[in-house]
Amino acid sequence: MTVPPVAVDVADQAEPLSVDDAYARSHQAALTPSAIGPVGLEIETHLVDLDAVADRVSWDRVKRLPVALGAAAGRCAVTLEPGGQLELSGPPESDIVATVAELRRDEQRARQALAEFRLGVAHAGADPLRPPRRVNPRPRYRAMEQHYAATGRGAPGAVMMNSTAAMQVNLEAGPPGGWPERVARAHRLGPTLLAISASSPWLRGRDTGWKSARQRAWAGLDARTCGPVPGCVAPDPAADGTLDPATAWARFALGAPVTFIRTCDDDIAAVGTSVRFEQWASGEVRLGGRGPTAADLDVHLTTLFPPVRLRGYLELRYLDMTAPRWWPAIAAVATTLMDDPVAADRAIEATEPAAWLWTEAARDGLRNAALAQSARRCLAIAAERVPDELAAAVGELAELVDSGRCPGDLLAERIAETGPHAAFEELTHA
């Protein structure tokens, strides 16, 4: 993805930052002019001990993996999430076909390399078996955990950090004239695509009653940090052209609470109260005995997790991780409905009745009539426009949606047959 230029020199990173400066920097970082076409994918999976699937893998075993998997994962970046989830981030390719092909290949090689350590990965939006527990000691994650606990969101924070896994689709911002409509479309597609991808019905050995326990956890966090960006979705598609998503993003960034700060001894400390970044920048509140710098703002932007995040490009963050049978098709559908102009126009109309149903999508999924109709229409649209190489996979996904089910329903059925332990073990061998 195209990374936006930053208008602050390295030497200025430690200079105090005013509210106006923070707004301008956030605004500039939101979107970068580009051509539509390149696609990046990031997939998270749950790391599993093949000899003890009910136990978390210890950090002593996990910490070696980025180096050990470096060659096997090809051009993918390998990172470790708080609960030990493994993330593979593929570089942007020219189109979704190339992106899926390379990530599939690199993931298979990474899984083969993991097997040498007696480790595997499970593809699901949430860990259906193990309690949420942080194993990654990175100071950033420790501070996030402390912040969520201190602000009354410890339980959903622990689930989000340690027990969830997503697939992230990264798309170019496109030409500036199309930004309002494009960003609005990314939001409007969200509930429907969430319902299609929902794959996290169980958590810590129990049926949650939700199709996406992953999205339920995100909804339990502060909406000022993790909710949809206000102003990015117009109530009427015809009004999309009047919106400025970069402005909406800058306001969102300054209005979001600060999660943690860097201390004078170069440590990271949680902020135990709700302090908006603009309060810190205005001098109303001082954190760590000082005002914020450009470096502080840059870190703050990485702690914002809305369903659609603006980082110069668009991050679609609302998709559950699903089995290898499904995730390439879901990625292809999301990309086609966003980037193909014919499919995009038709998708706006198809998703209108479901564009605001975030809670219903996570809780009820395709049991909700509006979401079911929207999902069927979107799959039909995508099936006509998706590249030939992914048409069969999208067709199979369309059949699943036509039956009124999502990948999580198949997982729930398997758990009902074998129990969560056996089903979780099966996931690692899928």
Side-chain angles (χ1 to χ4, degrees), residues 4 6-30 82 134 137-161 217-232 244-312 315 317:
V6 176
V8 178
D9 294 334
V10 174
D12 295 330
Q13 292 283 304
E15 294 297 319
L17 194 70
S18 69
V19 172
D20 288 345
D21 290 339
Y23 177 89
R25 187 176 179 85
S26 301
H27 191 283
Q28 182 185 20
R134 181 172 62 89
R138 187 180 176 190
R140 170 190 174 95
Y141 297 146
R142 178 201 64 214
M144 290 174 64
E145 183 178 70
Q146 293 171 345
H147 172 80
Y148 293 142
T151 54
R153 295 178 173 88
V159 172
M160 178 277 289
M161 292 177 66
W218 280 111
L221 301 177
D222 195 324
R224 295 173 298 172
T225 302
C226 301
V229 178
C232 277
D244 176 7
T247 295
W249 174 255
R251 291 175 179 173
F252 179 77
L254 268 62
V258 181
T259 303
F260 54 78
I261 63 168
R262 187 165 293 280
T263 64
C264 58
D265 57 355
D266 207 31
D267 194 8
I268 291 178
V271 177
T273 58
S274 180
V275 177
R276 301 187 309 276
F277 193 93
E278 60 188 351
Q279 290 179 289
W280 191 18
S282 71
E284 179 182 342
V285 177
R286 292 179 68 81
L287 298 176
R290 61 178 178 82
T293 66
D296 290 315
L297 176 62
D298 293 346
V299 171
H300 174 66
L301 294 177
T302 70
T303 67
L304 308 182
F305 305 110
V308 179
R309 184 160 68 171
L310 306 187
R311 298 189 63 189
E315 289 182 348
R317 303 177 54 86

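Values below: every heavy atom of this structure, side chains too, minus hydrogens, waters and symmetry copies. None of these values were measured; they are calculated from a predicted model.
The minimum heavy-atom distance linking F260 with A270 is given by the pair CB-CA, 4.0 Å. Minimum heavy-atom separation, V159 to A217: CG1-CB, 3.7 Å. Annotation for S282 and V19: closest pair N-CG2, 3.6 Å, computed over non-hydrogen atoms. Closest of all the heavy-atom pairs between A248 and C232 is CB-SG, 3.8 Å. Nearest heavy-atom pair, A253 versus F277, reported as atom, atom and distance to 0.1 Å: O-CB, 3.9 Å. The two residues G272 and A150 come nearest to each other via the heavy atoms O-CB, 3.6 Å.
Atom CD1 of I268 and atom CZ of R138 lie 7.5 Å apart (nearest 0.5 Å). If you take CZ on F305 and CG on L221, they are separated by 9.5 Å, rounding to the nearest 0.5 Å. Interatomic distance, CZ of F252 versus CG of L310, reported as 9.5 Å (0.5 Å rounding). We find the OG1-CZ distance between T225 and R276 to be 11.5 Å, quoted to the nearest 0.5 Å. Considering CD of E15 and OG1 of T293, their distance stands at 9.5 Å, rounded to 0.5 Å. Note: S26 OG to H300 NE2 = 7.0 Å, rounded to the nearest 0.5 Å.
Checked against side chain to side chain donor-acceptor pair (under 3.5 Å), S274 has the following partners two or more places apart in sequence or in another chain: R224. Under the side-chain contact (heavy atoms from CB on, under 4.5 Å) criterion, T259 pairs with M144, H147, T303, sequence neighbours left out.
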Evaluate the criterion side chain to side chain contact (heavy atoms under 4.5 Å, CB included) for residue pair V308 and V229; output intermediate values, then yes/no. CA-CA 8 Å; V308 179; V229 178; over 6 Å; no
Working note: T247 + Y23, criterion side chain to side chain contact (heavy atoms under 4.5 Å, CB included); need CA distance, chi angles, decisive distance, verdict. CA-CA 9 Å; T247 295; Y23 177 89; 3.2 Å; yes
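Between the side chain of R25 and the backbone N or O of D298 there is no donor-acceptor pair closer than 3.5 Å. Side chain of R309 to backbone of R317: no donor-acceptor contact under 3.5 angstrom is found.
For D267 and R142, the salt-bridge test passes: some basic side-chain N is under 4.0 Å from an acidic carboxylate O.
R251 CZ: 12 or fewer foreign heavy atoms inside a 6.0 Å radius.
When D296, L297, V271 are each tested for a side chain to side chain contact (heavy atoms under 4.5 Å, CB included) with V258, only one passes: V271.
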